[in-house]
Amino acid sequence: MSRRAALSAFVLLAGFLPAEAMAQLRACQPAAAVRPATPAGASLGAPMLEPVPANPVQCRQGISLRLGETTVWRCQAIPPDGEDLAENAPEYAFLIERPGRDLQVLPDDLMAGRLRSFDVITVDLDGDGTPERVLAAWNGQGNGLGVNRWTIRVFDGDWRLLATLPDISDWGDTSIVRAPAGRRGCDIAATSFVDSVNRRGVAGISFQARFHRLANGRLQEATDRPALARRYTFAFERQRTRHFDRTEAQEKGDIADWLATARPTTPR
């Protein structure tokens, strides 16, 4: 049976399952999850900056996060007075500094100068007993629904970049979920808002999660679990609004809660 046919059968079967059976997401418990502290006198939009290591992208100051002997920097490129950034040069960047190693430079995108809005999560994604690093970086918030846009990068334990997932919507602490029964490790939920049509043929949007697993050093689609989607109804909108209204600086979603009654879907 083809994967598409198998998924169609799964979706058909799911239509007869009670809502409780759809609650498939259980958040993984990482070994560590850290983000830069906000010192007294600083704020998300007005951070206190430090000099960064010499780099090729013209960053001068930034925010640092120390992880053992590794320092992760997030910085803004500032060209010399009277000059512009080179064409296609990133305005922001991540720098990964390790003793005796070349400086890693990763292009970044950021709204409102919120340099502290990132997390480094240490978690065993493939279940081999050796944890990976997940760098989750908030990029900005859109108009309309106010969707928070994130970039997710996965590294091995030696900070070798394995994969990048751009344009993830409303990433949160529950976006790394336990693998399905029979498989060790954890999966990454890549979430987005997509066009959809409900059972009555009415067009709208849905919140969708597609799952990715790490296997043999590669991040790939998890073919042993279907994508999930929930129609963005007024009830869902109220639930999401309450979540983000808890604090002014709230940037993270909660997909384990939002998709607790979601149904399997064909990815869009």
Side-chain angles (χ1 to χ4, degrees), residues 33-121 132-171 188 190-193 219 248-252:
V34 293
R35 73 164 30 197
T38 302
S43 66
L44 285 173
M48 298 174 67
L49 304 180
E50 312 164 68
V52 303
N55 61 85
V57 291
Q58 298 183 313
C59 278
R60 301 181 189 178
Q61 294 180 312
I63 295 297
S64 67
L65 178 62
R66 188 71 180 265
L67 300 158
E69 293 187 341
T70 299
T71 303
V72 177
W73 296 88
R74 195 180 203 182
C75 58
Q76 182 177 7
I78 302 176
D81 293 342
E83 297 184 20
D84 295 325
L85 287 174
E87 187 176 358
N88 297 323
E91 186 175 352
Y92 292 88
F94 277 99
L95 311 175
I96 300 179
E97 180 187 19
R98 295 176 296 163
R101 304 287 189 93
D102 291 338
L103 185 73
Q104 286 180 255
V105 180
L106 303 167
D108 187 26
D109 176 28
L110 186 62
M111 172 182 173
R114 295 170 68 162
L115 292 166
R116 295 184 188 277
S117 297
F118 71 92
D119 299 281
V120 176
I121 304 136
E132 285 74 36
R133 309 272 195 181
V134 177
L135 173 59
W138 181 84
N139 301 125
Q141 186 181 78
N143 297 322
L145 295 179
V147 176
N148 289 280
R149 183 170 53 85
W150 293 73
T151 297
I152 310 304
R153 290 183 170 98
V154 178
F155 302 81
D156 66 13
D158 198 37
W159 288 99
R160 180 172 63 93
L161 181 63
L162 302 178
T164 300
L165 297 173
D167 293 325
I168 302 300
S169 298
D170 287 350
W171 171 271
I188 292 177
T191 44
S192 60
F193 285 88
L219 196 68
E248 182 180 353
Q250 180 63 262
E251 307 147 342
K252 298 179 181 179

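The structure displayed is predicted, hence computed values, not measured ones.
- With sequence neighbours excluded, the residues that form a side-chain hydrogen bond (donor to acceptor under 3.5 Å, both in side chains) with Asp156 are Arg160.
- Partners of Trp138 by side-chain hydrogen bond (donor to acceptor under 3.5 Å, both in side chains), not counting sequence neighbours, listed by chain and number: Asn148.
- For Ala33, the side chain to side chain contact (heavy atoms under 4.5 Å, CB included) criterion is met by Pro30, Ile121, not counting sequence neighbours.
- Taking Ser64 as the reference, Glu50 meet the side-chain hydrogen bond (donor to acceptor under 3.5 Å, both in side chains) condition, with sequence neighbours excluded.
- Under the side chain to side chain contact (heavy atoms under 4.5 Å, CB included) criterion, Glu83 pairs with Pro79, Pro80, not counting sequence neighbours.
- Between the Asn143 side chain and the Gly146 main chain, no donor and acceptor come within less than 3.5 Å of each other.
- Within the structure, no pair that satisfies the ring pair (Phe, Tyr, Trp, His ring centres under 6.0 Å) test touches residues 51-93, not counting sequence neighbours.
- Residues Ala136 and Trp150 share a closest heavy-atom pair of O-CZ3, 3.6 Å.
- Closest approach of Ile168 to Ala190, counting heavy atoms only: CD1-CB, 3.6 Å.
- Among residues at least two apart or in separate chains, disulfide bond (SG atoms under 2.5 Å apart) pairs with a member in residues 54-96 are Cys59-Cys75.
- Checked against side chain to side chain contact (heavy atoms under 4.5 Å, CB included), Gln61 has the following partners two or more places apart in sequence or in another chain: Leu49.
- Looking at residues two or more places apart in sequence or on another chain, you find a side-chain hydrogen bond (donor to acceptor under 3.5 Å, both in side chains) between Asp119 and Arg35, Lys252.
- By the side chain to side chain contact (heavy atoms under 4.5 Å, CB included) test, Arg66 pairs with Thr71, sequence neighbours left out.
- Between Glu91 and Gln76, the closest side-chain pair of non-hydrogen atoms falls below 4.5 Å.
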For residues 101-113, tabulate all N or O donor-acceptor pairs below 3.5 Å that involve a side-chain atom, not counting sequence neighbours.
from	atom 1	to	atom 2	distance (Å)
Arg101	NH1	Asp158	OD2	3.3
Arg101	NH2	Asp158	OD1	3.3
Gln104	NE2	Trp159	O	3.2
Asp108	OD1	Arg74	NH2	3.2
Asp108	OD2	Arg74	NE	2.6
Asp108	OD2	Arg74	NH2	3.1
Asp109	OD2	Arg149	NH1	2.9
Asp109	OD2	Arg149	NH2	2.9

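- Evaluated for a side-chain contact (heavy atoms from CB on, under 4.5 Å) with Leu219, the options Val154, Leu162, Ile152 yield exactly one hit, Val154.
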